[in-house]
Structure formats: C-alpha cells, structure tokens
Amino acid sequence: MPELPEVEMTRRCLEPWLLQRKIARVRTTASSYFFATPPEQLARRLRGRTVQMLSRHGKYLVALLDDGSRLVLHLGMTGQLFVEQAQNPRLSQAASKTASTAPFRPDRHTHLCVEWEDGGPKIFFRDVRKFGKVRWLAPGESDPRMTRLGVDALQVKASDLHSVARVRRIPIKSLLLDQTVLAGVGNIYADEALFVARLDPRGLACRLTRAECARLVRALHRVLARAMALGGSSIRDYVNPDGVDGRYQTERKVYQRSGQPCVRCRTSIQRVVIAQRSTHFCPNCQKESESERGPRTNLRR
DNA sequence: ACCGCACCCTGAGCGC
DNA sequence: TGCGCTCAGGGTGCGG
C-alpha cells in the first residue's frame, strides 16, 4: 500500500515525464467510484492542457495545469502510476514470474491513460481495487480532504505532535494514521516508527511526554527517509514508475512479522487490531508511555 | 470525542 | 482441478 515514501518516489520518477508536455488525449475505463470527477468530464478538461508541476501533499499527488486547474491523484491501496516506456510493473504475483519484461498493455485495471501531443511515453494509472481516486479541480477550487490534511510527516516537529497528542484520548497508532493530524503515514510506517521509538502502539496519545514525541518524530523521519532511499516498500502492489520494486520490505522490523522473533530481543512479534487496522509490535521492547505508569517516584532520589 | 462498522473492490488463500 | 467462501485493507461517512 503506497504511503508517503512510495508516493514521493512516484512523484520524483514521474515529474520529468510530465512537465511541459501537452495532453493530446485521455483514455479511461467506465465511470466508477475511482472517478471523483466523471471520466468524460475528466477527459474533456485535460485535453490540450500542459502539466507545470507535480507536487505531493501527504499521500496525494497534485498536477498543476497551465490553466490553473489541478488534477488530484490518490493511489489508495493498490494504485500504480507509471510511464509506458518503463520496465513493466508487476501486474500480479503470477505475471511477475513470467512476463516481467514484456511491454505494458493497458488491462481492465488501467483506469487512466494519458497520451501526449509529442507522442512521448504514455502515463498509466492502474488500480486493481479502485480504492484510488482521481479528481479534477477547477482553478481556485479545493478538495475538502486535502484542505483538512495535517502537517506533512516529513516536516512534522516534536512540538507539533505533542500539542495535538496531548488532547487526544486515542491509541498512538490511531493518531499516527489520522491524516488530519499527520499527512502521509500509513499502516507500515506507523508500525515501524513505533518500533524504532520503542512505544506501545496501544498507549494513549494524551499520555505521550514531550521527550517521547521527540523520539517518535525522530523515528518517523528516520524510517521514512530510509524507505525513500530504498525506493519504498513493495509489500503488495507497489512498484515505482520505472517498474522497479522498492526494497524497504527487507528492512521491516515488525510489519507483517507476527510470530517471528523481535530483531532486538527475540520476543515473538505480536499482532493486534487497532482502529480496524492490523498492528504489529514487540510486546517486550515497546513500552507504554512513561507518564502512563503512574506518578514518577523520583522524590526518593 | 471516540468507537465500531459498512462501504468501495478484487485477488489470494483456504476448505472441500 | 475447481468451486465458493472469507478476508484484507486506506479512507470516509454514519450511527451510537
């Protein structure tokens, strides 16, 4: 599932293929949940436009067009955005074993195809489960979901996190996944960051001390930076727009490792469900917040 | 304020 | 081999 590192990698890979090129034609599949803007309207609005910038806000990608309108893309869980001439994206586990070098042909899951006037490599948006979204915004129009996004996970400071956390009586894991608090963090990196910060995902956000928030932010930055350096994680369907698998999954310490030994203490990694999401942690080295263990007894020196 | 659940969707993995 | 079932999972919206 694409989270901040995967979306940012996608942005960096894709941008050079988009900039200053005029859209000749947009092909889509039939109207569906995927199209927040109906496909016919989308095709009409995009024809003749030029992309001036591709930016990222949390897990959203935004293409700024020459008439001031914008194309908003969200990869959802299984979305793949890639260029035609790239190596073939992995279409499925089965396909990857056989036809991984064959040129890509749009299939029934390829919901968007952008063709350019200069005849350059096409851009494809493929999404098996259609949890992704594509929306066109008129100049000045805004998307309420994007407006409500919290501070980007790469930019967040310990003080930001602490001021939000202290008033929320929810598990820390839930707080990290809340896009209105922190934009870009998803299930994988939330679990990994909590492991690095040695914090129990079930602990209440309001119990986090300043020091713990600082530790968590450091862990988050470290984990996200490392993931980007390795080209993201290819846990399920992610491949970057050049068709290359990310390699971060080989560095996972807890995510989808339940039952396996903790890399620090060999305790069996546990899986619980928090906020309807599977959560993986080490019950031994991820401790609840200091302030949750009652008043400090440092009067006794 | 917070929780639980339904919904969107398809493929993987299971038991038979 | 193949059928039918269940489940996963990000984001959102709703009712409690």
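In the text below, chain A, chain B and the rest are named by the order of the sequence lines, each starting its count at 1.
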Discussion item. Any base atoms under 4.0 Å from A/Pro171, or only sugar-phosphate, or nothing? Heavy atoms, all strands.
Written reply: sugar-phosphate
Worksheet item: In the 5'-to-3' direction, what one-character label does each nucleotide of nucleotides 10-16 of chain C receive under the scheme B = base within less than 4.0 Å of a protein heavy atom, S = sugar-phosphate only, - = no such atom?
Response: BBSS---
Item to complete: Mark yes or no: A/Arg252 above the aromatic ring of A/Tyr189, with NZ or CZ under 6.0 Å from the six-membered ring centre and no more than 45 degrees from the axis.
Response: no
Practice prompt. Find the runs of at least 3 consecutive base pairs, i with j, i+1 with j-1 and so on, that include DNA chain C, using Watson-Crick or G-U wobble geometry with both distances under 3.5 Å.
Written response: B:2-16 with C:2-16
Discussion item. Looking only at the aromatic ring of each residue, does the gap between the centers of A/His111 and A/Phe34 stay below 6.0 angstrom?
Written reply: yes
Item to complete: Test A/Leu176 against every option in A/Leu182, A/Leu199, A/Asn187, A/Asp191 by the side-chain contact (heavy atoms from CB on, under 4.5 Å) rule and name the one that passes.
Response: A/Leu182
Item to complete: Ignoring backbone atoms, test whether A/His109 places a side-chain nitrogen or oxygen under 4.0 Å from the OP1 or OP2 oxygen of B/dG11.
Response: yes
Worksheet item: Less than 6.0 Å separating the ring centroids of A/Tyr33 and A/Phe131?
Response: no
Worksheet item: Side chains of A/Phe125 and A/Leu73: closer than 4.5 Å at any heavy-atom pair?
Response: yes
Worksheet item: Excluding sequence neighbours, so at least two apart, what forms ring-ring contact (aromatic ring centres under 6.0 Å, His included) with A/Phe281?
Response: none
Fill in: Shortest side-chain distance from A/Ile170, nucleotide among B/dC3, B/dT10, C/dG9
B/dC3
Worksheet item: Rounding to a whole Å, what distance do you find between A/Arg129:CZ and B/dC9:C1'?
Response: 7 Å
